[in-house]
Amino acid sequence: MASSSLVKLNASSSSWIGQQSFNQRSGSSCRLPVSNRRVSVVRATGSYTDELIKTAKTIASPGRGILAIDESNATAGKRLASIGLDNTEANRQAYRQLLLTTPGLGDYISGSILFEETLFQSTTDGKKFVDVLNDQNIVPGIKVDKGLVPLPGSNNESWCQGLDGLASRSAEYYKQGARFAKWRTVVSIPCGPSALAVKEAAWGLARYAAISQDNGLVPIVEPEILLDGDHPIERTLEVAERVWAEVFYYLAENNVVFEGILLKPSMVTPGAEHKEKATPDTIAKYTLTMLKRRVPPAVPGIMFLSGGQSEVEATLNLHAMNQSPNPWHVSFSYARALQNTVLKTWQGRPENVDAAQRALLIRAKANSLAQLGKYSAEGESEEAKKGMFVKGYTY
């Protein structure tokens, strides 16, 4: 594929970041006034650039979002156990087949994040899951990180591992049919967050993003700010702004093409244990404030995670954010907020597959309407209104 060139300013000239790196404090003698800084230009080129931009735009298409079914085998086992099923490959395959073969899913879903097992699996009829998705104009994606581990020297915080061997794995995933990738790291507000943890998260995301683009995969950039804590929404906004400033600083340093990435941020909400709940309008106001202060308009799509919100809460909040035009496609990349009712409807029984698929379409359509700013919560089930927050949640 022919390469193309995109002009992108480096981090030192990116005034939209709005805040210096955590390592560069105001008043430092090594920082020059803005007017005295020289602007250098980095040309980001690569054989996949055109394809990356096309893929990102396809995923960020009106009225559509991402179905995240990239749970590890251990987490998938917890989900299956909740309906009395053993954690076997056959049961994981059956459930994911139910989801991905839902007729009409592509009307509302533009991409699906898969676990490695699923990327290489086929249906019970022998059709590759990748082909099932492509037939519905759904872009196959792949989880590439290797999970969270304790971060030495931090305040009981974590860092995400998986950079070793990522280039070769990404090349194999592309060959198998994946066209975008996901790397999830987390930031904990009750634990600080420490400057060390934020820098580690930002740097890891940036290296992953650069490696992904070099191998043809659109990177989803996801520093999840956990809901844990009793802090007010103002504190979440403060932390989110710091985290995203650091993330984009290092994305620029690593020459990542912004037109060929997607973001998966947390919504800006109060801590889950805060005494006052925020309305969808308030969450939309704070979240959009953060995005407008930190995210350049070159980024095509903002695909929010649900982070333990109920199915209806996640949809209502997304709807509120789409009541006026945004510089980006503001949409969803939900896992539990699309699957909770589906799983409980299925119960592992073949005779319930059709009903479970209808439940998935109901949730997918609701979020499609929310992306278009046209959702109404009228008629939503009580099950869909139940919160799914789990303190200290891991997967």
Side-chain angles (χ1 to χ4, degrees), residues 16-18 52-53 55-68 108-113 139 141 180-187 201-202 205-206 209 212 218-225 236-237 239-248 251-252 256-269 280-307 309 313-335 337-338 364 367-373 375:
W16 47 261
I17 288 179
L52 292 167
I53 295 170
T55 298
K57 287 182 177 178
T58 298
I59 296 172
S61 54
R64 299 205 297 167
I66 294 174
L67 169 64
Y108 314 115
I109 300 296
S110 56
S112 183
I113 312 171
V139 182
F180 71 102
K182 173 202 166 179
W183 174 287
R184 172 187 179 259
T185 192
V186 302
V187 173
L205 284 166
S212 294
V218 169
I220 288 182
V221 179
E222 181 186 359
E224 179 178 353
I225 298 172
T236 308
L237 175 62
V239 172
E241 288 184 358
R242 290 180 178 178
V243 169
W244 282 104
E246 197 86 347
V247 167
F248 272 104
L251 287 173
V256 172
V257 178
F258 292 165
E259 292 86 348
I261 68 174
L262 297 167
L263 305 189
K264 188 170 179 177
S266 315
M267 296 179 190
V268 178
T269 69
D281 287 343
T282 299
I283 290 171
K285 175 185 175 182
Y286 277 82
T287 303
L288 291 174
T289 294
M290 182 274 291
L291 293 176
K292 289 173 182 176
R293 289 175 176 173
R294 291 294 180 266
V295 180
V299 174
I302 313 290
M303 322 300 286
F304 281 102
L305 58 89
S306 55
Q309 300 176 65
E313 281 176 335
T315 309
L316 280 170
N317 292 337
L318 179 63
H319 169 76
M321 280 184 271
N322 281 292
Q323 293 309 295
S324 58
N326 293 303
W328 332 267
H329 174 80
V330 175
S331 192
F332 60 93
S333 178
Y334 293 163
L338 281 171
N367 286 292
S368 170
L369 290 170
Q371 197 287 311
L372 298 170
Y375 168 73

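Starting from 1, each residue takes its place in the sequence as its number.
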Would a 4.5 Å heavy-atom cut-off, applied to side chains only, mark Lys57 and His329 as touching?
-> no
Gly65 and Ser331 have their tightest heavy-atom pair at CA-OG, 3.5 Å
Sequence neighbours excluded, the answer for side chain to side chain donor-acceptor pair (under 3.5 Å) partners of Ser266 is none
The single option from Leu205, Leu251, Ile220 that satisfies side chain to side chain contact (heavy atoms under 4.5 Å, CB included) with Ile261 is Leu251
Sorted by chain and residue number, the side-chain contact (heavy atoms from CB on, under 4.5 Å) partners of Ser112 (sequence neighbours excluded) come out as Leu67, Ile69, Leu100, Leu114, Leu133, Ile138
Note to self: Any side-chain to backbone donor/acceptor pair from Arg294 onto Glu241? Under 3.5 Å, distance only.
What the structure shows: yes
So CG of Leu291 and CE of Met267: to nearest 0.5 Å the spacing works out to 10.5 Å
Min side-chain heavy-atom separation Phe180-Thr58 under 4.5 Å: no
### Query
Going through the distances and angles, do Val330 and Phe304 end up as a side-chain contact (heavy atoms from CB on, under 4.5 Å)?
CA-CA 8 Å; Val330 175; Phe304 281 102; 3.6 Å; yes
inquiry  = Looking at Ser368 and Ala364, would you say the former's side chain and the latter's main chain have a donor-acceptor pair under 3.5 Å?
reply    = no
Where the side chain of Asn326 meets the backbone of Asn322, is there a donor-acceptor pair that is under 3.5 Å apart? no
Determine whether Tyr108 and Asn367 satisfy the following criterion, side-chain contact (heavy atoms from CB on, under 4.5 Å), listing intermediate values before the conclusion. CA-CA 8 Å; Tyr108 314 115; Asn367 286 292; over 6 Å; no
Here the pair of heavy atoms bringing Arg64 nearest to Ile109 is NH1-O, 3.2 Å
All heavy atoms of Gln309 vs all of Leu305, minimum pair found to be NE2-O, 4.2 Å
- [ ] Could you walk me through whether Leu237 and Arg293 pass side-chain contact (heavy atoms from CB on, under 4.5 Å), step by step?
- [x] CA-CA 11 Å; Leu237 175 62; Arg293 289 175 176 173; 4.2 Å; yes
In short, Ala240 meets Val268 closest at the heavy-atom pair CB-CG2, 4.4 Å
For Pro280, does its backbone N or O pair with a side-chain atom of His319 as donor and acceptor, under 3.5 Å?
-> no
Smallest heavy-atom separation, Gln323 atom then Gly373 atom, equals NE2-O, 3.3 Å
Correct closest heavy-atom pair for Leu288 and Met321 would be CD1-O, 3.8 Å
Residue set satisfying side chain to side chain donor-acceptor pair (under 3.5 Å) with Thr55, at least two apart, ordered chain then number -> none
When you measure from the side chain of Ser110 to the backbone N and O of Ala60, does any donor-acceptor pair fall under 3.5 Å?
no
Would the distance check show the side chain of Glu259 and the main-chain N or O of Val299 forming a donor-acceptor pair, the cut-off being under 3.5 Å? no
For Ser333, the side-chain contact (heavy atoms from CB on, under 4.5 Å) test, sequence neighbours excluded, returns Ile66, Ala68, Ile113, Lys264, Met303
Sorted by chain and number, sequence neighbours left out, ring pair (Phe, Tyr, Trp, His ring centres under 6.0 Å) with Tyr334 holds for Phe332
Hits for side-chain contact (heavy atoms from CB on, under 4.5 Å) against Leu52, two or more places apart or cross-chain, chain-then-number order -> Tyr48, Gln213, Val218
> Could you go step by step and tell me if Leu263 and Trp328 meet the side-chain contact (heavy atoms from CB on, under 4.5 Å) rule?
Replying inline: CA-CA 10 Å; Leu263 305 189; Trp328 332 267; over 6 Å; no
Interatomic distance, CG@Leu318 vs CD1@Ile283, rounded to 0.5 Å, equals 11.5 Å
